[in-house]
Every structure is written in structure tokens, then in C-alpha cells.
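Notes to accompany the following structure.
Atom set for the values below is all heavy atoms of this structure, side chains included, hydrogens, waters and symmetry mates excluded. First the proteins, then the strands, lettered A, B, ... as listed; each starts at 1.
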2 protein chains.
Amino acid sequence: MLDDKRNQIIAAALRRFSHFGIVKTSMSEIAEDIKLSKANLYYYFQDKFALIEAIAYQIMDESDVAIKQALDEIPNTLDTLVRMLDIKKEYLEKYYMLIINLQEMNMNEERWIALSKKMFQREMDTISKIFERGIKRNELVTFDVSSTSELYVALMRGLAMFCDHTIPHALVDRDELDKIIEKQKQAAAIFINGIKKSTNS
Amino acid sequence: MLDDKRNQIIAAALRRFSHFGIVKTSMSEIAEDIKLSKANLYYYFQDKFALIEAIAYQIMDESDVAIKQALDEIPNTLDTLVRMLDIKKEYLEKYYMLIINLQEMNMNEERWIALSKKMFQREMDTISKIFERGIKRNELVTFDVSSTSELYVALMRGLAMFCDHTIPHALVDRDELDKIIEKQKQAAAIFINGIKKSTNS
DNA sequence: CTTTTGACCATTATTTAAAAATAGTCAAAC
DNA sequence: GTTTGACTATTTTTAAATAATGGTCAAAAG
């Protein structure tokens with residue numbers, strides 16, 4: 001079955017990408033891993049980007065499921081965001097090199113920018129949902145959900161990038177992950193407090 | 001006078017650094033600009049770093065004066081922070097290349113890291129003062145000023161780095177400066193609201 | 001004693017050309 | 001519908017040669 005082969009390829013690529021990164025993984029290597037010729041791989045995926053894109057979407061879908069579950073289980077807005085940060089951490093650890101690479105790719109090529117924007121958009125949509133629920137639950141004040149969730153996501157990403165006070169250097173240091181998450185949680189708490197309906201201090 | 005020559009050198013270096021950047025400016029060029037031999041320049045500054053450091057401190061001091069003035073004129077915390085962002089924007093525009101370069105320098109060398117940390121520290125100290133005043137004025141709740149101002153500065157810097165939703169790429173795009181400041185102001189508003197004493201929504 | 005300089009060196013950047021690797025194609029076979 | 005070996009065009013790596021730059025120093029000038 002066509003789909004099965006595609007998934008096999010995706011799995012092999014995912015393994016290499018998340019370990020060695022996108023650039024350091026060649027299409028031949030991926031093909032060899034599952035005993036295919038490179039030409040055959042290109043029968044299933046138009047080009048390298050298409051393969052990467054498929055993987056990116058798969059990861060996004062996968063983590064969306066986990067987050068949707070959290071949304072059902074946790075009513076409180078802040079707790080949900082905190083949970084979300086933990087989930088994101090899991091994924092970052094699991095697919096480290098891949099995710100890092102995805103973020104700092106040939107950002108002068110249309111398709112890469114489009115993918116990057118899509119990923120940001122998906123994250124924004126999730127946050128929007130959480131915010132909207134918070135408003136409905138009368139936990140948060142009314143505000144422009146779109147621009148605020150955009151700000152929130154940018155904030156969290158920026159915080160990740162600017163881990164210690166020295167180098168920004170796009171790639172998140174693996175060892176500093178815990179520290180980053182901690183800061184993000186602290187920021188989330190203040191942020192939510194800043195858009196919460198006041199109930200006395 | 002020794003100090004006069006030093007200032008002359010600093011002025012010349014500042015001109016070149018803020019225009020062409022640190023790396024693309026050679027010590028010979030700076031010397032030539034003010035009709036000195038390179039060897040003579042080294043009589044006044046131990047090495048290139050010492051010169052850069054002197055400039056960095058000068059800029060920090062200069063902007064500190066402007067900010068201190070804002071602190072005297074504006075009582076409200078958020079307004080003060082907004083003013084601060086405007087001041088920072090001015091400086092960033094004025095010394096663009098220099099400041100950008102300063103942030104992404106050989107960050108594996110001790111002295112650079114130290115300078116970078118110092119700059120962060122200075123920014124943190126200013127924010128701390130603003131926060132402390134806000135607490136004293138009974139405008140803000142009581143909180144750990146140190147860790148919170150650290151978070152605030154990191155937040156703002158990260159936001160600057162993560163301008164549009166695509167490339168993080170350490171250097172702030174000059175054209176996007178207005179957009180960035182806008183976002184920073186929005187973030188500052190929510191942040192302050194998040195640590196403000198509630199007065200009813 | 002302070003300031004200035006030309007000549008000098010070591011190390012780092014830049015350039016260039018050749019070699020190797022890689023993305024992607026295609027006609028033909030299975 | 002799948003699979004492949006053989007092929008190209010384009011990037012990446014590599015390595016060597018060259019140029020530029022940071023930094024030193026002994027000696028001269030003021």
C-alpha cells in the first residue's frame with residue numbers, strides 16, 4: 001500500500017532528522033535505511049521539502065491531540081497553559097534537532113517561510129482556543145484574542161530563544177531546557193494574571 | 001590632554017562601529033580617521049575590546065541619564081516603561097550596527113560574556129528601580145523584584161529577536177523596529193497589569 | 001616622562017580552485 | 001503502479017594561497 005510505504009519513509013526520516021538534523025541527513029541515507037533506492041523515495045515524495053513538511057504536519061497533529069486532551073481535562077486557563085508548556089517540552093526533547101533546524105532554515109525561500117508561518121499559526125490557534133474558553137468561563141476579561149494570542153506565542157518563543165542573558169543564538173540549548181520552561185511558566189502566570197478578571201488581590 | 005584624545009578615539013570608533021559594525025571596522029581605520037598611527041591608538045586602548053567596552057559603557061551611561069529623567073517626570077509605572085521603550089528605540093536607531101553586533105559577538109570569550117551580562121544587568125537594575133517604585137507607590141503588588149525584572153528584560157529582548165513569525169535570527173530588522181516596539185508596549189501593558197494591585201476590572 | 005611611530009609578527013579572514021556530496025531527473029525494467 | 005541504475009546540475013567541503021587585521025616593540029620626537 002502506498003500509504004504504508006510513505007509512513008515507513010516518514011518514520012525513517014524522522015529518526016534521522018530528529019537525531020542528526022535536517023541538513024546533515026541526506027535523502028540517500030533515508031532511502032538506504034529502509035532498503036529503498038533514492039529514486040524510489042522520490043516516487044513517494046516530490047522533494048526533500050515535501051518530506052519535511054509531511055513530518056512537520058505529523059508532529060503538529062500529534063501534539064495537537066495531546067493538547068486537546070489537556071483542554072478537556074483542565075478547566076483553569078493558567079493550568080492549561082502550563083500543561084501545554086510541558087507537552088511542548090516533551091516534543092522538543094523527542095525531536096530536538098529536527099525542531100531546532102525547522103526554526104532556522106533557509107528562511108529566504110517561500111515554502112520554508114510558509115511552513116514556518118503555518119507552525120506559528122497552529123500554535124496561535126491553540127492559544128486562541130484556550131483564551132476564548134477562559135473568556136467564556138468568565139475567568140478572563142474580554143480582549144482581542146487574535147492579537148493577544150499572537151503576542152503570547154511570540155513572547156514564549158522569544159523567551160526560549162533568549163535563554164541565558166548572553167547569547168540569543170537561535171538554537172535552544174538542550175541543557176537549559178528546564179530553566180527555559182520555568183521562565184515560560186512564570187511569564188505565563190503573569191501574562192494570564194494581566195488579562196484576568198480581578199477578584200481582589 | 002589624555003582624556004581628550006581618548007574621547008576623540010571613542011568618537012571616531014563610535015561613528016564607524018554604529019555604521020559598519022564592529023567586525024567590519026579595523027583599528028587602523030579608526031586611527032586613520034583621526035590622523036593617528038595604529039600603534040598610537042594602542043597607547044590609549046589596551047586592545048579592541050577595551051575600546052568597545054568604553055563605548056558600550058558610554059552608551060549605557062548616556063541612556064541611563066535619559067531614563068533617570070523619565071523616572072522623575074513620570075509617576076506611573078507603565079508609562080515609565082513605555083517611555084523607556086521609546087528611549088531604547090532611539091538608541092537602537094542611532095547606534096544600530098554597533099548594538100546589533102554587541103549582542104551577537106564571540107560569545108565564547110569570557111570578556112564578551114561579561115560585557116553582555118553587564119549590559120543585561122544594567123537594564124535589569126533600571127527595571128528593578130521602576131518596579132520598586134511601583135510597589136512603594138502602592139501601584140504594584142509585592143513580588144520578587146529581582147527575578148521578575150529579569151523575566152521582564154528577557155521577555156522584551158526575546159520579543160525583539162522574534163520580530164516576525166518566521167526568522168528569529170538574532171539581528172533585529174531595522175524596518176521592523178516600529179512593529180517590535182509596538183508589541184513590546186503591548187506586552188509591557190499586560191505584564192504590568194499582571195503584577196498590579198487590582199482596583200476592579 | 002609622555003606621546004608617537006614605522007617595522008614587525010602571529011593569527012584570523014578572505015579568496016580561489018579542485019574534489020566530494022547531494023538533490024533531483026529519467027528512461028527503462030519489474 | 002513500483003522500482004531502479006545511471007546521469008546531471010547544484011551545493012558543500014576541503015585545502016592551499018593570499019590578504020587583512022589585531023597586537024607588539026624598540027626607538028624617536030616632543
Side-chain angles (χ1 to χ4, degrees), chain A residues 1-17 19-56 97-98 101-102 104-112 114-115, chain B residues 1-17 19-56 97-98 101-102 104-112 114-115:
Chain A
M1 4 219 70
L2 197 138
D3 252 24
D4 195 52
K5 261 280 158 62
R6 271 181 68 96
N7 287 332
Q8 230 180 306
I9 295 170
I10 287 177
L14 191 50
R15 238 173 292 136
R16 277 208 126 89
F17 284 160
H19 210 78
F20 305 109
I22 294 173
V23 193
K24 291 292 176 193
T25 299
S26 77
M27 292 297 263
S28 319
E29 286 171 329
I30 296 168
E32 279 164 26
D33 278 358
I34 48 175
K35 270 96 190 162
L36 281 185
S37 70
K38 186 174 56 161
N40 198 11
L41 198 164
Y42 275 93
Y43 173 76
Y44 290 98
F45 290 94
Q46 191 186 126
D47 54 20
K48 194 177 187 180
F49 180 83
L51 176 54
I52 292 161
E53 197 175 39
I55 290 175
M97 280 296 240
L98 170 63
N101 272 1
L102 267 177
E104 49 175 3
M105 223 54 202
N106 317 281
M107 282 312 180
N108 23 12
E109 281 168 49
E110 267 189 81
R111 300 164 80 194
W112 281 104
L115 177 58
Chain B
M1 5 217 69
L2 195 137
D3 252 22
D4 195 52
K5 262 280 158 62
R6 271 182 68 96
N7 287 333
Q8 231 179 306
I9 294 170
I10 287 178
L14 191 49
R15 239 174 292 136
R16 277 209 124 89
F17 284 160
H19 209 78
F20 305 107
I22 295 172
V23 193
K24 292 290 176 193
T25 300
S26 76
M27 292 298 264
S28 319
E29 286 171 329
I30 296 168
E32 280 163 26
D33 278 358
I34 48 175
K35 271 98 190 158
L36 282 186
S37 70
K38 187 175 56 161
N40 197 11
L41 198 165
Y42 275 92
Y43 174 75
Y44 291 98
F45 290 94
Q46 192 186 127
D47 55 21
K48 195 177 186 181
F49 180 84
L51 177 53
I52 292 161
E53 197 175 39
I55 290 174
M97 279 297 241
L98 170 63
N101 271 2
L102 267 177
E104 48 176 2
M105 224 54 203
N106 317 281
M107 282 312 180
N108 23 13
E109 281 167 50
E110 267 190 81
R111 299 165 81 194
W112 282 104
L115 177 58

Please report the shortest heavy-atom distance between S28(A) and K38(A), naming the atom on each side. OG-CD, 3.5 Å

Return the nearest nucleotide to the side chain of Y43(B); candidates are dT3(D), dA23(C), dT3(C). dT3(C)

Where along residues 45-53 of chain A does a heavy atom come under 4.0 Å from DNA chain C, residue by residue in number order? D47(A), K48(A)

Could you please spell out the steps behind the side-chain contact (heavy atoms from CB on, under 4.5 Å) verdict for M97(B) and T25(B)? CA-CA 11 Å; M97(B) 279 297 241; T25(B) 300; over 6 Å; no

Close side-chain approach of I30(B) and F17(B), heavy atoms under 4.5 Å: yes

Within-4.5 Å side-chain heavy-atom neighbours: W112(B) and I52(B): yes

Can you list, in residue-number order, the parts of residues 32-42 of chain A that come under 4.0 Å of DNA chain C, counting heavy atoms only? K38(A), A39(A), Y42(A)

Can you tell me the distance, in whole Å, between the CD atom of E109(B) and the P atom of dT12(C)? 9 Å

Without decimals, in angstroms, what is the distance between K24(B) NZ and dA19(D) C1'? 13 Å

What's the CD1-P distance between I22(B) and dT21(D), to the nearest Å? 16 Å

Indicate yes or no: at least one non-hydrogen side-chain atom of I22(B) is less than 4.5 angstrom from one of K48(B). yes

Looking at D33(A) and R16(A), does any basic side-chain N land under 4.0 Å from a carboxylate oxygen? yes

Hey, does L36(B) have a side-chain heavy atom less than 4.5 Å from the side chain of K5(B)? yes

Specify the separation, in whole Å, of atom CE of M27(B) and atom P of dC8(C). 22 Å

Non-hydrogen side-chain atoms of I34(B) and L41(B) separated by less than 4.5 Å: no

Phosphate OP1/OP2 of dT4(C) contacted by K5(B) side-chain N/O (<4.0 Å): yes

